Structure formats: structure tokens, C-alpha cells
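Okay, so here's the structure we're looking at.
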Amino acid sequence: MSDMNKRYDVVVIGGGAAGLSGALALSRARRSVLVIDAGSPRNAPASHAHNYLGREGTPPLELLAIGRAEAADYGAETVRGNVVSAEKLSDGFRVVQEDGSAVQARRLLVTTGIVDELPPVEGLAERWGKEVLHCPYCHGWEVRDRPVGILALSPMAVHQALLWRQWSDDVVLFRHEQPDFSDEEYEQLAARGISVVEGEVAALEVSDDEVTGVRLAGGAVIPREAVVVQPRFTARSAVLESLGLVPAEMVMGDHVVGTYIAADPAGATDVPGVWVAGNVANLMEQVVGAAAAGLKAASMINMDLVTDDTQRAVEARRTPFSAEAERQVTERVLGDRRHGLQETR
Ligand SMILES: Cc1cc2nc3c(=O)[nH]c(=O)nc-3n(C[C@H](O)[C@H](O)[C@H](O)COP(=O)(O)OP(=O)(O)OC[C@H]3O[C@@H](n4cnc5c(N)ncnc54)[C@H](O)[C@@H]3O)c2cc1C
């Protein structure tokens, strides 16, 4: 359980690629950092993480373990926990975990990611991240040249089918419950050798721990080794909502793809002192992009703290016998390394 009175420069909520990258940069900037992480990164069901330059094909949890160790080398602390809310104080934030413990922070970096909401097709959730896929850049190479089925769940289905055709010439599009496609779309599908299967999809056929086919409501089974879906991407935004931030809808055409928390390009939200990075702010971000966003937010948070530190120093200089001046003298005497300093201001 975290120390109730402990106050950090930055508490990072969520220890995926975005959060750990932010924690690494902030701890290297000599900020005191606590990462609170529930331990369920979005890509955990996948066996390997791809397109992360320098670590191509590393298992997702291993990649994060490496990141935690790197951040810890510079003094960042990481704890396993689930943050349920955060509250704005006159000077910073109070962050409350599920177990009732709380810590304080001058600034917050929230990197809680998203939930992939899957359609209620029998057998689909169990195979998610294995043979049930959404992102060709994450999994396309692994299923290249194999029989791929696209389960139409949105008006983006034809686009998905044409995209996955880049990895396999055996792509079947299941229209399921979607409205009929346009003549132009049928022409594009035919030109690329993609056939369309009519009828509601009832279940996935699984044998020896692998998807073998797609079963229609009428009973017919179409052999497939991978099935592509378009989940609804829902921001894990409860903590941000407790601070007054409201998730926005991401819309493509008329279709709601998911929800996210709006922020400026560096991740600053409408609540001063609160930054977001990774999937919670950008639904399309992949691991390397989430890590980059965490770094960008961290540098802006550090700059914001530098501004705050300078303002406090100027005030202390003007009133040499204030509590702030005393704090700064203590800090100078102890050395300017701030890790381990328990601040009470
Ligand atoms: C099946 C699958 C496979 C994928 N494969 C790849 C791939 O190969 N390559 C690639 O680049 N991308 C891949 N992705 C995308 C990748 O998962 C995301 O880009 C990446 O995880 C985003 O990182 P993040 O830090 O924003 O969020 P996440 O990695 O999801 O991390 C968020 C963390 O915050 C924690 N958390 C959430 N709420 C709280 C809370 N209230 N308190 C404390 N902690 C909390 C979570 O438990 C989690 O550990 C894949 C996605 C899926 C679904």
C-alpha cells in the first residue's frame, strides 16, 4: 500500500509503453516519479509485439519488463495497482487506488489505454490476439498467404478487406449484419479476388487450440485460419472523468470508432497539470507511437515543473524568510538530486 503522505513530482497512471516511456524521461530529468499500473496492457493476448524498432518480435510483457527496469535505473518507482480516482488539490493532485491508499503528485501523466470491445460472436473473444486480429501491421506478416476472413462490423469493412489483401490472396469478406456494399465496392473486391459471403456469422470453429473456420447461422462452415474484426475502441477514462474530463467520440464517416480523451499535440488536457499519452489519447497509436507520445508529454511536464520551480524560487528570493526559502536551502544542503526527497510542500 502506498504511503499516504508521499508526494511525487509526477504520478504516471498506467505502465504500458506510453507510461513507462514518460517515466523514463521524467526520471532521467531528475524528477521523482511513481508509476501505478494495473498490469493489463492492451496487447497482452498477443504472443509478440511487432514494429518496435530495436526490439522487433519481443513478447509484450517482456518489452514492458525491460522498460520498467530501465526507468527504475533512474529512480522511477513502479507499483501494481488500480487507480480509481484523482482529485485536484490547491497545489497538485491526490491519486486514490482501489485499496484505498493515496499519494500526491504535482503533475499527472495518464496513460491508461483503451479497451477493445468485441462483437458477441461465439468463440471470438477467446481467440482475440491469437487468430482473431484487427491490425495488419501487428499480425499481417504472421498470417501471410493464409486463408483470412474479414467479419464486417462497420462501413470500414471493405477497406479492411482490401488492406488485408496485401498480406494474403485468400481473403473472404463476411457481410454478416452490415448493409449491402456499393457497386463500386463490389467491383474493387472482385478486381482484387476477394469474395463476399452473405449471411449472419454465428461462431468460430476452433480445433486443437486454433481457429479453423467461420460458421454461419445457417450452419455452413467456411474454412479460415485468421479472422479480422473491427473492435470498438473505448478509452479507459474513469480516472480522467473523475477530474472532469469527458471522452470524445472518434468518428469515421458516420461510424463511431471509439472514444478518447482530447489533448493538445503534446498531451496536455483541458485540466491544467494533467497530461495524457498513448491509446487513451489516440486510438490509432501503436506501441512505438505510444512510447513517443509518452516521451513528448514527459518533456512538456518537465518544462511545466521547471516554470513552477522558477516561479517558486523567485518568490523565495524576494521573501528570504518564507517557508519556500527554507525548503530551498534544505534542498541545496542535501544536494540537488531530488530522488528520495519526501516533499511536504
Ligand atoms: C491483440 C493486439 C496486438 C497488438 N500488437 C501490436 C504490435 O504487434 N505492435 C504494435 O505496435 N502495436 C500492437 N498493438 C497495439 C498496442 O497494444 C498499443 O499500441 C499499446 O498497447 C498502447 O500503449 P499504451 O501505453 O497507450 O496502453 P497499454 O499498453 O494498454 O497500457 C495501459 C496500461 O495502463 C493500465 N491501466 C489502465 N487503467 C488503469 C488504472 N485505472 N490504474 C492503473 N493502471 C491502469 C493497464 O493495465 C495497462 O497496463 C496490439 C494491440 C492488440 C489489441
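From a predicted model like this one, the values you see are computed outputs, not experimental measurements.
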Exercise. Check the surroundings of atom CG in Asp264: do more than 12 heavy atoms from other residues, nucleotides or ligands lie under 6.0 Å from it?
Key: yes
Exercise. Nearest 0.5 Å please: distance from the CG atom of Asp183 over to the CD atom of Glu185.
Key: 9.5 Å
Quiz item: Is there side-chain contact between Leu162 and Leu189, with at least one heavy-atom pair below 4.5 Å?
Solution: yes
Practice problem: Give a yes or no on this: more than 12 heavy atoms of other residues, nucleotides or ligands lie within 6.0 Å of atom CZ of Arg317. | Solution: no
Quiz item: Who pairs with Phe181 by ring pair (Phe, Tyr, Trp, His ring centres under 6.0 Å), at least two apart in sequence or on another chain?
Solution: Tyr186
Quiz item: Ignoring hydrogens and geometry, is there a side-chain-to-backbone donor-acceptor pair from Arg146 to Glu142 under 3.5 Å?
Solution: yes
Quiz item: Ion pair present between Asp169 and Arg165, side-chain N to carboxylate O less than 4.0 angstrom?
Solution: no
Quiz item: Listed by chain and number, what are the side chain to side chain donor-acceptor pair (under 3.5 Å) partners of Asp170, not counting sequence neighbours?
Solution: Arg224
Quiz prompt | side chain to side chain donor-acceptor pair (under 3.5 Å) against Gln230, all qualifying residues, sequence neighbours excluded | solution = none
Self-check item: Test side chain to side chain donor-acceptor pair (under 3.5 Å) applied to His48 - qualifying residues, sequence neighbours left out
Solution: none
Quiz prompt | Point-to-point distance, once rounded to the nearest 0.5 Å, from CD1 of Ile13 to CG of Asn82 | solution = 10.0 Å
Exercise. Using the test salt bridge (Lys or Arg N to Asp or Glu O under 4.0 Å), find all partners of Glu77 that sit at least two apart in sequence or belong to another chain.
Key: Lys6
Quiz prompt | Arg232 atom CZ, over 12 foreign heavy atoms within 6.0 Å | solution = yes
Quiz prompt | Minimum side-chain heavy-atom gap Ser237-Tyr260 below 4.5 Å | solution = no
Practice problem: Answer yes if Leu240 and Leu108 sit in the same cluster of Ile, Leu, Val, Met, Phe, Trp and Tyr residues linked by side chain heavy atoms under 4.5 Å apart, and no otherwise. | Solution: yes
Quiz item: How about Val227 and Leu204: do any of their side-chain heavy atoms sit closer than 4.5 Å?
Solution: yes
Could you pull out every donor-acceptor pair under 3.5 Å between side chains of residues 242-255 and any protein atom, sequence neighbours left out?
unit_1 : atom_1 : unit_2 : atom_2 : d
Ser242 : OG     : Ala86  : N      : 3.1
Ser242 : OG     : Ala86  : O      : 3.3
Ser242 : OG     : Val239 : O      : 2.5

Practice problem: Please indicate whether Glu187 has more than 12 foreign heavy atoms, meaning atoms of other residues, nucleotides or ligands, lying under 6.0 Å from its CD. | Solution: no
Quiz item: Got a second to check how far Ile150's CD1 is from Ile194's CD1, nearest 0.5 Å?
Solution: 7.5 Å
Exercise. Identify, with sequence neighbours excluded, every residue that meets side chain to side chain donor-acceptor pair (under 3.5 Å) alongside Asp208.
Key: none
Quiz item: Quick one: does Val12's side chain get under 4.5 Å of Leu34's, heavy atoms only?
Solution: no
Practice problem: Nearest 0.5 Å please: distance from the CH2 atom of Trp141 over to the CZ atom of Arg144. | Solution: 4.5 Å
Practice problem: To the nearest 0.5 angstrom, please state how far the CZ atom of Arg215 sits from the CD atom of Glu205. | Solution: 4.5 Å
Quiz item: Which residue pairs satisfy the ring-ring contact (aromatic ring centres under 6.0 Å, His included) criterion with at least one member in residues 147-180, sequence neighbours excluded?
Solution: Tyr137-Trp167
Contacts under 3.5 angstrom, residues 59-72 side chains, donor-acceptor by atom type, not counting sequence neighbours:
none

Quiz prompt | Over 12 non-hydrogen atoms of neighbours within 6.0 angstrom of CD in Glu184 | solution = no
Quiz item: Between Asp309 and Arg31, is there a salt bridge with N-O shorter than 4.0 Å?
Solution: yes
Residues 117-124, side-chain donor-acceptor partners within the protein, below 3.5 Å, at least two apart:
unit_1 : atom_1 : unit_2 : atom_2 : d
Glu117 : OE2    : Thr234 : OG1    : 2.9

Practice problem: Indicate the atoms forming the closest heavy-atom contact of Asp209 with Glu131, along with that distance. | Solution: O-OE2, 3.8 Å
Kindly list each side-chain donor-acceptor pair under 3.5 angstrom involving residues 273-282, sequence neighbours excluded, with atom names and distances?
unit_1 : atom_1 : unit_2 : atom_2 : d
Asn279 : OD1    : Arg42  : NH1    : 2.8
Asn279 : ND2    : Asn282 : O      : 3.1
Asn279 : ND2    : Glu285 : O      : 2.8
Asn282 : OD1    : Met284 : N      : 3.0
Asn282 : ND2    : Glu285 : OE2    : 3.4

Quiz item: Between atom CZ of Arg106 and atom CG of Leu89, what is the distance when rounded to the nearest 0.5 Å?
Solution: 13.5 Å
Side-chain donor-acceptor contacts of residues 291-299 below 3.5 Å, not counting sequence neighbours, with atom names and distances?
unit_1 : atom_1 : unit_2 : atom_2 : d
Ser299 : OG     : Lys296 : O      : 2.8

